[in-house]
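All values below come from the heavy atoms of this structure, side chains included, with hydrogens, waters and symmetry mates left out. Letters go in sequence order (proteins before strands), and every chain restarts at 1.
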Amino acid sequence: MPELPEVETVARDLQRRVAGAVITDVDVRWDRTVRHPEPPERFAAELRGARIQRVGRRAKSVLLHLADGRVMTVALRMTGALIVAPSGTPDDPYARVVFHLADGRQLRFRDVRKFGRIGLWEGGGLHRRAAAPGAASRAVRESRDPYRVGDVFARHGPEPLARSFTAGRFGARLRGRTGRLKSLLLDQSLLAGVGNIYADEALWRARLHPLRTANSLSEAEVRRLHRAVRAVLRQGIANRGSSISDYVGADGEPGDNAEQLAVYRRTGEPCLRCGREIARIVIGQRSTHFCPRCQREPLLWEGPQA
DNA sequence: ACGCCTACCTGCTTGC
DNA sequence: TGCAAGCAGGTAGGCG
């Protein structure tokens with residue numbers, strides 16, 4: 001469900017609502033949601049009495065910075081949501097982890113499909129350069145604790161909305177890559193935060209066919225894609241995210257960006273630029289939407305293609 | 001290192 | 001109406 005704009009919206013909501021709150025107890029109702037530390041009783045024990053100081057985001061994870069320097073990471077994956085429930089709110093059968101706050105409210109991790117993951121880590125290392133690919137997950141798997149939050153994101157690429165993420169830097173990361181643009185935009189080690197919705201939207205905006213390969217792009221096209229990625233993400237944040245079926249912010253309200261989407265899940269509707277019907281194809285098992293006229297097909301030099 | 005594929009889960013929609 | 005298949009915003013892990 002949530003990509004960068006949705007996760008950013010949740011993080012900003014939580015910053016307003018739970019910064020300063022103290023966690024008094026934790027119910028883990030689906031053990032596998034908690035990945036570190038384990039077992040869940042230990043996760044709960046380590047959080048009792050912790051104060052949430054600040055809420056932020058890295059990639060598609062919400063970061064709850066605790067007053068003692070530790071960081072809780074919440075990866076929402078497909079259907080995860082973090083919702084602040086006032087005291088007395090009816091229970092939610094899909095709440096997988098419930099954080100009880102000292103003021104009587106609950107911070108609920110709701111997750112129908114149970115793909116979401118929560119971890120608790122020592123602070124530090126968030127802003128350093130990427131380590132060797134694979135090192136992070138291997139180390140986490142093998143670690144006897146304490147493990148730093150920066151290591152969790154060691155394989156992730158840069159934040160697309162950071163000032164330091166320039167077209168030149170984007171081009172350097174794309175250089176030599178033979179993969180298709182659609183798949184590369186979804187690759188979190190190339191760039192962090194773009195998912196299926198915003199990948200399609202960015203390619204439409206940049207007028208690039210999703211099957212184009214990175215190494216086929218001119219410098220001007222790289223600049224166009226760079227601008228487009230940033231624009232669609234910023235617009236998504238401004239509209240509090242795209243709610244296709246069940247995404248909601250921490251206030252439980254859906255975002256307004258779905259109606260602004262140009263191609264995502266608009267198969268058969270007219271292109272906003274040229275009127276041609278939006279097409280849907282599958283790339284790397286992911287549904288992909290684009291305008292066959294505005295986003296010209298790459299030249300195919302081999303193999304039977306649709 | 002890269003690309004491709006599967007698994008992880010549940011619920012909703014679609015087509016027969 | 002029932003039932004099975006297909007689809008969904010993500011990503012770790014295994015394969016070649």
Side-chain angles (χ1 to χ4, degrees), chain A residues 1-10 29-33 35-36 57-62 73-82 92-96 109-119 130-142 152-157 173-202 211 213-215 232-233 236-237 239-249 254-255 257-258 260-261 263-268 280-289 303:
Chain A
M1 134 189 148
E3 307 179 26
L4 187 153
E6 291 74 36
V7 180
E8 179 69 24
T9 299
V10 170
R29 300 179 183 176
W30 182 254
D31 284 1
R32 296 171 66 178
T33 297
R35 288 304 287 272
H36 186 90
R57 177 192 60 78
R58 165 69 170 123
K60 297 175 191 169
S61 287
V62 174
T73 57
V74 183
L76 280 53
R77 298 283 181 90
M78 293 287 267
T79 52
L82 279 168
D92 178 346
Y94 296 112
R96 308 303 184 190
F109 180 64
R110 172 181 218 271
D111 186 20
V112 172
R113 290 177 72 180
K114 301 176 177 172
F115 289 166
R117 294 293 181 260
I118 301 179
S137 56
R138 201 180 321 123
V140 168
R141 240 180 294 122
E142 296 168 0
V152 178
F153 299 101
R155 294 194 302 175
H156 282 72
R173 295 185 77 80
L174 290 172
R175 204 157 295 142
R177 297 293 297 257
T178 59
R180 302 137 159 176
L181 294 179
K182 174 62 187 274
S183 303
L184 289 172
L185 287 175
L186 295 180
D187 179 350
Q188 301 299 296
S189 68
L190 183 88
L191 187 65
V194 175
N196 213 30
I197 297 176
Y198 296 96
D200 284 2
E201 294 298 308
L211 288 173
T213 56
N215 61 5
V232 298
L233 294 176
I237 293 171
N239 292 318
R240 295 184 45 81
S242 303
S243 294
I244 300 299
S245 68
D246 55 8
Y247 159 76
V248 292
N257 202 54
Q260 307 301 322
L261 299 177
V263 288
Y264 186 76
R265 292 227 197 165
R266 296 204 183 280
T267 311
R280 175 185 179 275
I281 58 176
V282 175
I283 302 177
Q285 270 90 281
R286 308 302 300 276
S287 165
T288 299
H289 314 77

Could you state the atom-to-atom distance from [atom1] of [X] to [atom2] of [N] in whole Å?
X: A:Glu6; N: C:dA8; atom1: CD; atom2: C1'; value: 14 Å
X: A:Met78; N: B:dA7; atom1: CE; atom2: P; value: 16 Å
X: A:Arg32; N: C:dG13; atom1: CZ; atom2: P; value: 12 Å
X: A:Arg117; N: B:dC8; atom1: CZ; atom2: P; value: 11 Å
X: A:Arg96; N: B:dC8; atom1: CZ; atom2: P; value: 16 Å
X: A:Arg265; N: C:dC7; atom1: CZ; atom2: P; value: 11 Å
X: A:Ile283; N: B:dC5; atom1: CD1; atom2: P; value: 13 Å
X: A:Arg29; N: B:dC9; atom1: CZ; atom2: C1'; value: 18 Å

Open item on the list: Taking the basic N atoms (NZ, or NE/NH1/NH2) and the acidic carboxylate oxygens, is any pair closer than 4.0 Å for A:Asp187 and A:Arg173?
Closed with: no
Open item on the list: Could you check whether A:Arg96 pairs with A:Asp111 (Lys NZ or Arg NE/NH1/NH2 to Asp/Glu carboxylate O, under 4.0 Å)?
Closed with: no
Task: Euclidean distance for P, C:dG6 against B:dT6 (whole angstrom) - done: 14 Å
TODO: Rounded to whole angstrom, note down the P distance from B:dC9 over to C:dG14.
DONE: 16 Å
Measure from the side-chain heavy atoms of [X] and tell me the nearest of [options].
X: A:Lys60; options: B:dC9, C:dG10, C:dA8; value: C:dG10
X: A:Phe115; options: B:dC8, C:dA12, B:dT10; value: B:dC8
X: A:Lys114; options: B:dC9, C:dA8, C:dA12; value: B:dC9
X: A:Arg155; options: C:dA8, C:dA12, B:dC9; value: C:dA12
X: A:Gln188; options: B:dC9, C:dT11, B:dG11; value: C:dT11
X: A:Glu3; options: C:dC7, B:dT10, C:dG10; value: C:dG10

- [ ] May I ask you to say what A:Tyr198 touches in the nucleic acid, namely base, sugar-phosphate or nothing, with a heavy-atom cut-off under 4.0 Å?
- [x]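 Answer is nothing: A:Tyr198 stays at 4.0 Å or more from every strand.
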- [ ] Assign A:Arg35 to base, sugar-phosphate, or nothing according to its heavy-atom contacts below 4.0 angstrom with the strands shown.
- [x]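 Here A:Arg35 touches no strand at all.
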- [ ] May I ask you to check whether over 12 heavy atoms, not counting those of A:Arg35, lie within 6.0 Å of atom CZ?
- [x] no
[X] side-chain N/O to [N] phosphate OP1/OP2 under 4.0 Å:
X: A:Thr79; N: B:dC9; value: no
X: A:Tyr94; N: B:dG11; value: yes
X: A:Arg286; N: C:dG10; value: yes

Task: Opposite nucleotide pairing with B:dG11, Watson-Crick or G-U, both atom distances under 3.5 Å - done: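 In the structure as shown, B:dG11 has C:dC7 as its Watson-Crick or wobble partner.
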TODO: For the residue pair A:Lys60 and A:Leu76, establish whether any side-chain heavy-atom pair is separated by less than 4.5 Å.
DONE: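 When only atoms from C-beta onward are counted, A:Leu76 and A:Lys60 do not touch, as no gap falls below 4.5 Å.
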Open item on the list: Does any part of the side chain of A:Thr73, heavy atoms only, come nearer than 4.5 Å to the side chain of A:Phe153, both counted from C-beta?
Closed with: yes
Open item on the list: Nearest 0.5 angstrom please: A:Gln285 CD to A:Leu186 CG, how far?
Closed with: 12.0 Å
Task: From OG (A:Ser242) to CD (A:Gln260), nearest 0.5 Å - done: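 Interatomic distance, A:Ser242 OG to A:Gln260 CD, rounded to 0.5 Å: 9.0 Å.
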Task: Partner of A:Arg57 under side-chain contact (heavy atoms from CB on, under 4.5 Å), chosen from A:Val10, A:Leu4, A:Val74 - done: A:Leu4
Review item, nucleotides 2-4 of chain B N/O atoms under 3.5 Å of protein N/O:
| residue | atom | partner | partner atom | Å |
| --- | --- | --- | --- | --- |
| B:dC2 | OP1 | A:Arg177 | NH1 | 3.3 |
| B:dG3 | OP1 | A:Gly179 | N | 3.0 |
| B:dG3 | OP2 | A:Arg177 | NH2 | 3.3 |

